[in-house]
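Notes for the one structure printed next.
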Amino acid sequence: MLQKPFRLRRSVDVKRVRQQGKGWRHPLAILLVTKSDQDVSRFAFIASRGVGKAVVRNRARRLLRESVRLHMDEVMAGWDCLFIARAATAGASFADVETAVLQLLSRAHLLDHNAPERHEEQSNT
RNA sequence: CAGGUUGGCUGGGUGAUCGCGGCUCAUUCCGCGAAGCGUAGGCCAUAAGCCGUAACCCGAUUACGGAUGACCGGUUACGGACUACGGAUAACGGAACCAUGGGCUGAGGAAAGUCCGCACUCCACAGAGCACGGCGCCGGCUAACGGCCGGGCGGGGAAACCCGACGGCAAGUGCAACAGAGAGGUGUAUUGCUGGUCAUGGCUGCGGCCACAACCAGUGAGGGUGAAACGGUGGUGUAAGAGACCACCGGCGGUGGCAGUAAUGUCGCCGGCCAGGCAAACCCCGCCGGGAGCAAGGCCAAGCAGGGCAGAGGGGCUGCUCGUCCCAUUGAUGUCCGGGUAGGCUGCACGAGGGCGUCAGUAAUGGCGCUCCCAGAUAGAUGGUCACCACCCCAUUCGUGGGGAACAGAAUGCGGCUUAUAGGCUGACCUGGAAA
RNA sequence: GCGGGCGUGGUUCAGUGGUAGAACGUCUCCUUGCCAAGGAGAAGGCCACGGGUUCGAAUCCCGUCGCCCGCU
């Protein structure tokens with residue numbers, strides 16, 4: 001779980017994103033996005049029963065969530081994002097899921113390239 | 001040593017780093033603010049404080065000094081309790097639950113399937129009968145169970161051991177394709193065997209013998225069909241045969257003794273000779289079952305708007321009948337149109353609880369003592385990355401390198417069952433071989 | 001959480017104890033110069049899976065798997 005302000009918690013919000021959101025597809029995940037009136041961007045992660053059993057669904061959601069968490073400060077504010085796991089998500093490695101998430105976010109033009117590159121800072125320390 | 005049977009335990013570890021949920025503490029703000037402190041006020045006196053002083057005591061020696069100072073007289077400072085005010089703190093309560101920091105803690109043996117059983121909660125206290133559903137050898141355990149333990153019986157296995165929906169088909173009804181003479185009651189004949197009637201042919205030593213058609217009668221032994229054909233073996237009997245009769249055996253019904261709480265076992269006696277199979281066919285017998293479910297239920301917040309038509313009945317807790325209760329002509333209820341909500345808290349984590357010991361019991365289990373506190377999410381936490389060690393597989397120049405690591409994720413809780421499961425540890429038993 | 005149903009040739013479905021069928025599709029042949037339509041014929045099933053009851057199971061019972069639906 002992300003920290004509370006960054007979670008998309010109410011079912012009405014999720015429904016709104018599902019119905020009105022613009023979508024981008026990747027073999028490992030689907031991203032739906034709508035503009036919100038919030039100061040921050042909020043995220044939700046969905047794995048349907050088609051993805052697998054409970055263990056597999058948990059695994060898929062955790063991988064997606066962790067990928068988003070590590071790059072959250074690069075994402076522009078004020079968007080509601082809905083990540084939907086696919087059948088291959090749980091079987092993939094974390095690195096693959098991470099690149100897939102970054103690809104989806106950049107295709108949705110949500111990455112703020114002026115933000116500090118946390119990744120490099122981490123590897124330097 | 002090899003093969004097998006069966007029970008129990010476990011379900012990777014350590015560290016670094018970036019994160020998440022819960023509880024808790026501190027930091028922030030607010031409320032209420034005790035004792036104590038300060039100020040003011042009067043009150044208390046039987047005061048141990050102060051003043052005076054007799055006596056006693058000590059030193060000096062007849063004068064006094066010192067200390068303690070009773071009684072008595074006086075006094076009011078300290079004191080005592082009280083009242084009012086003052087500013088503060090602890091504790092408590094609340095807000096915020098946002099941020100930061102600290103501490104503790106965070107998936108399973110099946111959390112799974114939802115197949116049973118309970119707790120808990122609500123319902124118009126749920127009564128009777130029928131229906132319906134479940135269970136089904138006996139005894140025990142349990143809150144309860146379709147569970148567990150022990151025992152019996154039947155089946156499998158060489159054995160350890162395993163498996164069994166294991167009440168009733170001489171209460172009734174029903175079912176059995178094909179094949180077969182006949183498939184459910186007293187019934188069956190175009191095979192066979194036997195006798196009779198009337199012929200025919202062959203042989204003849206004239207007494208008969210053999211073969212065979214038709215009809216009538218007896219028979220169910222032999223052959224044959226089938227999953228299954230109305231007991232088995234031996235004899236008596238007969239024209240041929242048959243439980244027709246007899247002996248033994250098996251099975252059945254009744255009855256009695258002994259062992260056992262019982263299921264049952266065992267030993268007799270009597271009967272009739274057989275009364276078949278299927279109740280996971282209807283059913284009968286015995287026992288059990290009110291219904292719904294934590295989205296139960298309780299509290300709070302927010303929001304809205306009613307109207308048309310039908311209408312005297314409607315309503316349960318599957319169904320029906322009776323009974324009972326609730327709502328309803330102040331319009332219940334049904335239906336159509338329209339409007340509002342999709343939040344929070346609680347239930348919700350101390351329990352039929354875990355561990356250890358001990359006692360009772362063959363055991364399941366129970367009693368007692370000590371000890372521990374052990375997830376509570378809500379678009380749903382328990383995760384990501386890296387390193388090392390242990391495990392398995394492959395390669396190996398024996399240094400190491402590469403890969404793999406099961407089944408599976410709490411959602412009110414608990415007791416079972418069932419199903420999935422890589423590997424590891426360990427107890428007991430059986431059979432065979434070898435050695436001593 | 002509670003409850004119900006389904007699984008049969010490639011597809012849609014019958015069959016409710018006695019040797020598994022229909023329609024469409026597929027294939028072969030006929031018809032046509034060729035195709036369609038039409039006609040004749042054929043192939044194709046361990047009845048989802050594993051046990052049990054029964055002489056015998058697609059059917060009855062138990063368990064497993066998958067799919068679908070309803071209520072709250």
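These values consider heavy atoms only, across backbone and side chains, with no hydrogens, waters or symmetry-generated copies. Below, chain A is the first sequence line, B the second, and so on; all start at residue 1.
Using C1' as the reference atom, C417(B) and C118(B) are 15 Å apart when rounded to the nearest Å. For the P atoms, the distance from G19(B) to U114(B) is 40 Å, rounded to whole Å. For the P atoms, the distance from C193(B) to G223(B) is 14 Å, rounded to whole Å. Rounded to the nearest Å, the gap between the P atom of C92(B) and that of U121(B) is 34 Å. With both ends at atom C1', the span from C359(B) to A405(B) equals 47 Å, rounded to whole Å. When the C1' atom is compared between G15(C) and G21(C), the two are found 8 Å apart, to the nearest whole Å. When the P atom is used for both G265(B) and G367(B), the distance is 38 Å, rounded to whole Å. If you take atom P in G155(B) and the same atom in U142(B), they sit 35 Å apart, rounded to whole Å.
Glycosidic conformation of G109(B): syn, with the torsion inside 90° of 0. A glycosidic torsion no more than 90° from 0 defines the syn conformation; G180(B) lies beyond that range and is anti.
Between E66(A) atom CD and A381(B) atom P there is a gap of 13 Å when expressed in whole angstrom units. In this structure, NZ of K53(A) is placed 10 Å from C1' of C65(C), rounded to the nearest angstrom. To the nearest angstrom, P of U382(B) lies 4 Å from CZ of R62(A).
Proximity note for R59(A) (side chain, C-beta onward) versus A379(B), G383(B), G409(B): the nearest is G383(B). Taking only side-chain atoms of L63(A), from C-beta outward, the nucleotide of G409(B), G384(B), A379(B) with the closest atom is G384(B).
At least one side-chain nitrogen or oxygen of R65(A) sits closer than 4.0 Å to the OP1 or OP2 atom of A381(B).
Two residues, R57(A) and F94(A), neighbour RNA chain B, and the one matched to the more 5' nucleotide by heavy-atom proximity is F94(A). Of the residues near RNA chain B, N58(A) and L82(A), the one whose nearest nucleotide (by heavy atom distance) lies more toward the 5' end is L82(A).
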